[in-house]
Participant: 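My questions all concern the structure below.
By convention in this document, chain letters (A, B, ...) are assigned in the order of the sequence lines, proteins followed by strands, and residues within each chain are numbered from 1. Quick note: numbers below take in every heavy atom, side chains included, and nothing from hydrogens, waters or symmetry partners.
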Amino acid sequence: MTEVGKARLRSEDARLITGRTQWTDNLQLPGLCHVAFLRSPYAHARITRVDVEAAKSRPGVLAVFSGQDFADEQGSLPCAWPVTEDILIPDHPPMAVAEVRYVGEPVACVVARDRYAAIDALEDIDVDYQPLPAVTDMEQALRQSSDLVHGDLGTNQCYRLVVESGDVDAAFRDAPVTVERRYMQQRLIPTAMEPRAVVCQPDGDEFTMWSATQVPHILRLMLASVTGIGEHRIRVIAPDVGGGFGSKLQVYGEEVLLLLLAKRLGRPVKWTESRSEGNMTVHHGRDQIQRLTMAAEADGRIRGFKVDILSDMGAYLMLLTPGIATLGAPMFNGIYKMDAYSFTCTGVFTTKTPTDAYRGAGRPEATFGVERMMDELAAELGLDPLEVRRRNWIKHEEFPYTTITGLTYDSGNYEAATDKALALFEYDKLRAEQADRRERRDTVQLGIGVSTYTEMCGLAPSRALAQVRSAAGGWEHATVRVLGTGKVEVVTGTSPHGQGHDTAWAQITADALGVPFEDVKVLHGDTLIAPRGWDTYGSRSLTIGGIAVHNACQKVVEKARKVAAHLLEAAETDLDYANGSFSVRGVGGDGASMTLAEVAGATLSAHDFPEGVEPSLDSDATFDPENFSFPHGTHLCAAEVDTETGFVKIRSYVAVDDIGSVVNPLIVDGQVHGGLAQGIAQALYEEAVYDADGNLTTTTMADYLVPSAADLPAFVTDRTETPATSNPLGVKGVGEAGTIASTPAVVNAIVDALRQHGVRDVQMPCTPERVWRALREAFGEEPEGPGGAQPGAGGGLGSAQGDQEGGQG
Amino acid sequence: MIPPTFDYIRPSSIEEAVSALSQAGEDAKVLAGGQSLMPLLRLRLAYPDALIDLDRVESLRQIRSENGDLFIGAMATHHQVVRDPLVLEHAPLIAKATATVADPAVRHRGTFGGSLAHADPAGDLPAVALALDAVFVVRSVRGDREIPAADFFVDWMTSAMEPDELLIGVRVPKLGPGWGAHYEKFHRTAQAWAIVGVACAVRRERGAIEDARVALTNMGPAPVRATEVERFIEGRSVSENSFRAASERAAEGTEPPGDLHGSPEYRTHLARVLTARALTAAAAV
């Protein structure tokens with residue numbers, strides 16, 4: 001093994017960084033038309049009339065359609081995860097026909113010769129709406145008296161899932177300690193650098209779609225099932241894609257409509273969203289109310305944990321909407337042992353943008369819940385938060401360990417990761433500084449936050465998906481082709497959108513075949529080139545797709561061995577394969593060895609070939625994992641809290657992750673850094689805010705605050721390597737770990753700084769005003785006026801409303 | 001996003017620009033660095049008939065000494081202002097505040113005059129101009145006019161300029177020796193607008209504050225001078241206690257807005273805390 005483990009610069013970066021790649025929006029086709037969507041300005045309204053005539057007559061406009069024009073054809077967008085038998089799944093037309101249920105829902109569209117004409121024409125479409133009541137509060141929505149999002153369903157409750165394990169009543173009966181908390185997971189907007197973009201080209205009755213998607217295979221399958229166009233007549237291409245974070249693990253109405261527009265007009269069509277359009281209509285993430293109760297012994301050992309959550313579906317169920325929160329069901333127990341556990345999840349409809357997967361998907365919510373509760377339990381008992389964790393976590397020698405929720409964690413070493421993190425963090429020194437600042441009553445107080453997380457990723461064993469009623473499969477496919485010159489093509493069913501598979505898969509292949517890294521080309525993201533696969537999400541690519549590549553390489557070697565044995569006139573069992581060359585064991589000199597390239601050349605001509613062997617070294621492998629992957633680690637955050645202003649500054653952050661064996665440490669560091677940024681962003685900055693009428697007030701990046709490098713500390717990252725036992729490379733997923741671990745570490749640090757004053761929680765994002773208010777309330781100085789910031793005009797761009805008077809900007 | 005349609009005029013001299021502005025009428029907009037106007041156009045929050053682009057009017061980019069004052073041309077970029085030796089020497093408060101504007105990319109395009117004429121109370125420079133008693137030099141076909149900063153910022157994104165007037169530049173009285181300056185900006189992320197900002201310059205003599213200029217960002221529909229703070233602190237000793245006592249008066253006469261990033265009462269509180277910090281930092285110089 002020489003390539004795996006090497007911190008190679010990514011081979012895709014030169015083209016990405018220099019802009020020498022073709023994003024979907026760069027694509028130009030002869031006769032290409034441009035599409036713009038008119039979107040609902042109401043959270044909830046009946047559509048009584050759509051008049052498109054004026055828009056149609058504008059110069060450059062080719063066609064204008066309302067939802068009614070596609071009513072017979074557009075079908076209903078798919079939900080592939082009906083989590084319970086009695087789940088309510090409302091009809092979800094790609095373009096609204098009779099009723100709109102969130103601000104931003106498509107109502108009509110314009111097709112024009114250029115983007116300018118298309119967008120200008122939107123202003124000439126006349127829609128009459130009859131406003132209906134908005135439903136914006138989950139708890140209110142579940143009351144009998146609530147207005148309904150879907151009148152025909154008769155309720156706003158989408159589903160209710162209950163999972164129990166152990167004797168919960170017994171665990172709570174006479175428990176020496178019980179801690180009860182209510183936490184909010186705010187709504188987040190996944191912010192990929194590349195907005196959504198779709199191009200669809202018709203060719204007779206066949207169609208090629210380019211889409212900035214994470215899931216070309218799923219998209220093709222679903223386009224076929226929604227529209228009735230044969231799957232074999234649709235080709236989907238995901239070119240280089242600029243990030244997704246789950247938001248492009250979706251089958252969007254715009255994708256379906258572009259296909260239908262291309263079909264109806266017989267011309268290629270393109271649509272690219274703007275950032276503010278995307279903020280309203282890319283599926284959102286998180287949005288959960290958690291009611292958590294933990295019972296423990298006096299020494300801190302957990303007896304039982306009750307989890308009761310409300311999960312906001314938004315207005316409709318998209319591809320995985322109902323399932324996301326339920327991914328927390330086997331995860332709220334974290335790395336801890338306990339006697340009993342219950343998980344209740346209620347899905348609720350509201351008149352907001354639908355929610356779905358966002359980096360971590362269900363596990364960040366669960367990890368936040370349990371890691372916050374461990375700190376609360378520690379505070380209740382007067383113990384160090386790490387000590388409470390130590391008393392409860394699964395010990396290294398206890399692996400493999402079947403948890404209270406029935407998952408089997410194959411491996412782990414929480415002790416080693418924690419010890420390493422503590423050393424890097426200088427835990428004792430920071431605790432001393434904290435005590436000193438407290439004593440001095442310093443304006444700036446220091447807090448230390450702990451998160452000893454695990455998560456389940458590598459989604460997923462197909463049988464496990466069936467058990468939770470997901471319609472998807474979880475295997476992954478790879479093809480390895482050895483060309484006549486010995487160069488290698490690897491085809492993968494995973495579909496990278498920033499992860500660096502071109503590099504990592506070539507490293508795996510180079511080692512498995514013993515060929516130079518440069519001799520490997522990785523192909524993906526086109527259903528014509530890579531016809532089989534389940535794409536990229538859930539930190540699955542390496543642990544499933546990478547293993548498929550590895551396994552296909554093994555098959556190539558075995559095929560080549562037969563050919564080499566024939567040509568070298570030796571028994572297969574007498575051949576060693578190393579460094580890309582077969583040699584006859586114990587025989588030296590020329591004529592006793594053969595390179596893979598030589599075998600490939602001999603296979604191409606097939607002039608002298610063994611009897612009964614097909615002249616091809618190409619091999620396929622499909623890998624379906626037997627178990628999930630369970631990365632874990634210890635994250636420590638030191639936060640300085642300005643008690644006068646409420647401002648939180650992260651002073652230092654240490655992340656020690658155990659993701660098993662590492663293929664490329666540079667890529668891993670990148671994943672961890674990005675993950676931390678997003679997890680910290682949830683703790684401190686990001687929130688999608690709706691007003692009481694259901695208007696999204698954070699449609700621009702002036703109001704929806706995404707942090708930049710300037711707002712984040714220099715991360716200290718390190719690893720322990722406890723190999724996974726569920727795959728031959730010993731690897732675990734790393735794509736989401738940083739996001740999952742970091743949010744509670746930051747909030748724990750803030751609360752730790754303020755707990756001396758009686759603060760037990762600060763609602764996320766922990767804005768300066770929220771921190772300030774938490775302190776004021778703890779001091780009994782309730783600030784006058786309404787609590788918390790209200791939606792409304794922000795500074796500058798955010799305040800840009802009304803007349804724009806005499807300015808020179 | 002795509003802006004609505006507009007006519008585009010690109011004059012190459014001040015005279016051409018003034019003449020174009022006069023002809024274009026009330027619904028024309030002047031385009032300087034575009035860092036505020038372009039987003040408004042792209043979000044279709046502004047629908048001007050015409051854009052008059054000053055990019056080719058090189059003479060508007062000068063920064064010079066003029067009759068004892070500092071004169072900063074309207075089209076001087078933030079990047080230029082931050083590095084200019086005259087600004088650094090005679091109006092360090094401007095350099096300090098400008099360095100906090102957005103990010104390097106924005107500072108390379110955004111202009112001093114553009115941010116002031118935009119008259120956004122959340123912008124950093126209006127309060128600075130107000131604190132320094134700057135004078136705005138505007139020109140139209142009708143002639144030149146000078147508007148003191150105290151009269152320039154009329155209301156939310158509204159200046160005292162007539163629709164046919166062009167901002168040529170700003171005259172800033174030079175601060176002599178003994179002055180210290182500080183801009184205390186409070187924002188949630190590095191690229192976000194100030195929730196509250198405090199522009200402060202003080203002159204120290206023998207352990208006392210002899211002269212103080214304090215103005216607040218985003219504490220009302222226009223930048224506002226904290227006159228009660230100035231009045232209180234003048235003549236008092238340089239000490240934390242006097243700064244704190246003075247800063248208690250910071251929010252007097254303000255009308256702080258409420259938005260996603262801060263409620264009015266939080267801004268009131270911040271104005272007090274940040275004013276104390278700004279005074280302390282300015283007086284330490």
Participant: With a 4.5 angstrom heavy-atom cut-off, which part of A:Pro765 approaches chain B: side chain, backbone, both or neither?
Facilitator: side chain
Participant: Within this structure, what is the OG1-OH distance for the pair B:Thr5 and A:Tyr116, rounded to the nearest 0.5 Å?
Facilitator: 12.0 Å
Participant: Relative to the ring of B:Phe186, is the ring of A:Phe647 parallel (under 30°), tilted (30 to 60°) or perpendicular (over 60°)?
Facilitator: perpendicular
Participant: Less than 4.0 angstrom from a charged side-chain N to a carboxylate O is my criterion; do B:Glu265 and A:Arg776 meet it?
Facilitator: no
Participant: Taking all non-hydrogen atoms of both residues, which atom of A:Ser276 and which atom of B:Leu43 are closest, and how far apart?
Facilitator: OG-CD2, 3.5 Å
Participant: One pair to check against side-chain contact (heavy atoms from CB on, under 4.5 Å): B:His261 and A:Asp703. What are the steps and the verdict?
Facilitator: CA-CA 8 Å; B:His261 307 309; A:Asp703 294 310; 4.1 Å; yes
Participant: Report, as yes or no, whether the 6.0 Å neighbourhood of atom CZ on B:Arg145 holds more than 12 heavy atoms from other residues, nucleotides or ligands.
Facilitator: yes
Participant: Is chain A contacted by the side chain of B:Arg277, its backbone, both, or neither, given a heavy-atom distance below 4.5 Å?
Facilitator: side chain
Participant: Give, as side chain, backbone, both or neither, the part of B:Arg44 having an atom under 4.5 angstrom from any heavy atom of chain A.
Facilitator: side chain
Participant: Measure the OH-CZ distance between A:Tyr685 and B:Arg188 for me, rounded to the nearest 0.5 Å.
Facilitator: 8.5 Å
Participant: Looking at every non-hydrogen atom in both residues, tell me the closest pair between A:Asp711 and B:Ala190 and how far apart they are.
Facilitator: OD1-N, 2.7 Å
Participant: Are the side chain of B:Gln191 and the backbone of A:Ser708 linked by a donor-acceptor contact shorter than 3.5 Å?
Facilitator: no
Participant: Relative to chain B, which segment of A:Glu273 carries a heavy atom at a distance below 4.5 Å: side chain, backbone, both, or neither?
Facilitator: neither
Participant: Among A:Ala36, A:Pro768, A:Ala710, single out the residue with the greatest number of heavy-atom pairs under 4.5 Å to chain B.
Facilitator: A:Pro768
Participant: Could you have a look at A:Thr698, A:Thr767, A:Leu705, A:Val706 and say which one has the most heavy-atom pairs with chain B under 4.5 angstrom?
Facilitator: A:Leu705
Participant: How about A:Arg441: does its CZ atom have over 12 heavy atoms from other parts shown lying under 6.0 Å from it?
Facilitator: no
Participant: Establish, from distance only, whether the side-chain atoms of B:Arg42 and A:Ser274 form a donor-acceptor pair under 3.5 Å.
Facilitator: no
Participant: Could you check whether atom CZ of B:Arg109 has more than 12 heavy atoms from other residues, nucleotides or ligands sitting under 6.0 Å from it?
Facilitator: no
Participant: Does the B:Tyr266 side chain pair with the main chain of A:Thr645, one donor and one acceptor, at a distance under 3.5 Å?
Facilitator: yes
Participant: Who wins among A:Val648, A:Asp642, A:Leu684 for the most heavy-atom pairs under 4.5 Å with chain B?
Facilitator: A:Asp642
Participant: For A:Glu769 and B:Gly262, which heavy atoms make the closest approach, and how far apart are they?
Facilitator: OE1-CA, 3.1 Å
